[in-house]
Amino acid sequence: MGAIAAAVQACRKRIDAACAVAGRPAGCARLLAVGKTFPATAIREAHAAGLTAFGESYLREALDKLDALADLPLEWHFIGPLQSNKTRPIAERFAWVHGVEREKIARRLSEQRPAGLPPLNVCVQINVSGEASKHGAPPREALALARLVAELPGLRLRGFMAIPEATPDLATQRSRFSLPRALLEQALAENLPVDTLSMGMSADLESAILEGSTMVRVGSALFGTRPYPAQEQGKTP
Ligand SMILES: *Cc1c(COP(=O)(O)O)cnc(C)c1O
């Protein structure tokens, strides 16, 4: 078995073990493979190992990979920071966007979504780390943004996404992830059509699953240490 196939198997075991600890069924969180900085060949291997959903953060790199892998039936998720002058290719070519954090971006994505495609699946990104993060809607504004996304014809509201600051402290991890969970519950209480909490990465997926994550975004635990450092969020290579 290749290294990536072995890593996919190990990651599924981690997810299932965390689901069991949380009292949730095996496979309770979908595995979104984050291939940023890795070549299309690595994604091909992950697909051969059974994965179908792939996340990318850097637009130019992502579009090259979408082209190189157009022969495979992959579901592409844009998980990077969104700039309003770069929304069109995202609206046209991705199935999901996880980082919607303001109204202007949501409106542009909706307007630019081609009529022949199903609505773009959207998670509203929440800033759960206060000043330690530049990204995400402030928690008190997230529900209003979710209501707007639910109204836009080119978008389909799915739920919330969060990227807490990195910390080895499990209690802090869980407390950060508890916020999106509370917002999802409020959204459900308002009958918003949400079903997704996009949270948890290689280092903290267990805590995220304990707090109700339905989709973990995993890069280095599948593909290895990234060959060049991930750019700071907000910069585009
Ligand atoms: C890079 C990235 C990930 C994956 O991070 P790992 O620590 O490598 O698992 C998940 N989500 C987002 C938004 C990312 O940019």
Side-chain angles (χ1 to χ4, degrees), residues 3-4 6-15 18 29-40 42-43 45-46 49 51 53-63 65 74-83 86 90 94-102 105 121-129 132-137 142 158-170 172-173 176-177 179-180 196-209 211 213-237:
I4 290 177
V8 168
Q9 215 172 65
C11 192
R12 287 207 189 285
K13 279 206 183 119
R14 272 179 75 187
I15 291 171
R30 265 185 100 187
L31 176 53
L32 177 67
V34 177
K36 66 173 184 237
T37 79
F38 290 98
I43 291 170
E45 257 183 87
L51 300 187
F54 291 87
E56 290 287 336
S57 300
Y58 310 124
L59 186 56
R60 204 179 324 155
E61 179 192 333
L63 294 176
K65 278 186 229 175
L74 305 181
E75 180 182 273
W76 288 102
H77 296 230
F78 192 80
I79 62 173
L82 293 156
Q83 293 164 270
K86 299 210 173 126
I90 295 172
F94 285 78
W96 285 69
V97 177
H98 292 229
V100 173
E101 59 181 6
R102 52 199 170 97
I105 297 276
N121 295 292
V122 165
C123 291
V124 168
Q125 184 175 353
I126 306 166
N127 180 351
V128 294
S129 295
S133 169
K134 302 191 297 290
H135 288 284
R158 297 303 294 261
F160 299 100
M161 179 268 217
I163 314 175
E165 82 276 25
T167 168
D169 182 64
L170 297 179
T172 306
Q173 289 178 7
R176 297 292 186 260
F177 290 131
L179 197 84
T196 301
L197 283 178
S198 164
M199 54 191 204
M201 317 201 301
S202 295
D204 58 11
L205 68 87
E206 282 84 3
S207 296
I209 287 171
E211 290 297 333
S213 171
T214 65
M215 199 183 304
V216 291
R217 308 177 310 268
V218 179
S220 46
L222 293 176
F223 297 111
T225 308
R226 277 186 277 280
Y228 56 88
Q231 280 84 354
E232 201 188 319
Q233 277 214 0
K235 288 189 192 159
T236 310

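Predicted, not measured: the structure shown is a model, and the values here were computed from it. Atoms within a ligand are numbered from 1 in the order they appear, just like the ligands themselves. All values below were derived from every heavy atom in this structure, side-chain atoms included, with hydrogens, water molecules and symmetry-related copies excluded. Positions are given from 1 along the sequence.
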Worksheet entry | Mode of Ser220 contact toward ligand 1 - side chain, backbone, both, neither (heavy atoms, under 4.0 Å) | both

Worksheet item: Would you say Ser57 contacts ligand 1, with heavy atoms under 4.0 Å as the rule?
Response: yes

Worksheet item: Is a salt bridge present between Arg176 and Glu211, judged by a nitrogen-to-oxygen distance below 4.0 Å?
Response: no

Item to complete: Measure the shortest side-chain to side-chain distance between Val128 and Pro180 over non-hydrogen atoms and say whether it is less than 4.5 angstrom.
Response: yes

Practice prompt. Please could you name the atoms of ligand 1 that Val218 approaches to less than 4.0 Å, counting only its heavy atoms?
Written response: 9 (O)

Worksheet item: Among Met201, Arg217, Lys36, which residue places a heavy atom closest to atom 2 (C) of ligand 1?
Response: Lys36

Worksheet item: Counting only heavy atoms, which portion of His98 has something under 4.0 Å from ligand 1: side chain, backbone, both, or neither?
Response: neither

Fill in: Numbering as shown, the atoms of ligand 1 that approach Gly219 to under 4.0 Å (heavy-atom distance)
4 (C), 6 (P), 8 (O), 9 (O)

Practice prompt. Decide yes or no for Glu75 and Arg30: does some side-chain heavy atom of the first lie under 4.5 Å from some side-chain heavy atom of the second?
Written response: yes

Worksheet entry | Close side-chain approach of Ile163 to Arg217, heavy-atom, < 4.5 Å | yes

Worksheet item: Under 4.5 Å between any side-chain heavy atoms of Thr172 and Glu165, yes or no?
Response: yes

Practice prompt. Report yes if some heavy atom in the side chain of Thr167 is under 4.5 Å from a heavy atom in the side chain of Gln173; otherwise report no.
Written response: yes

Worksheet item: Just which atoms of ligand 1 are under 4.0 Å from any heavy atom in Ile163?
Response: 13 (C)

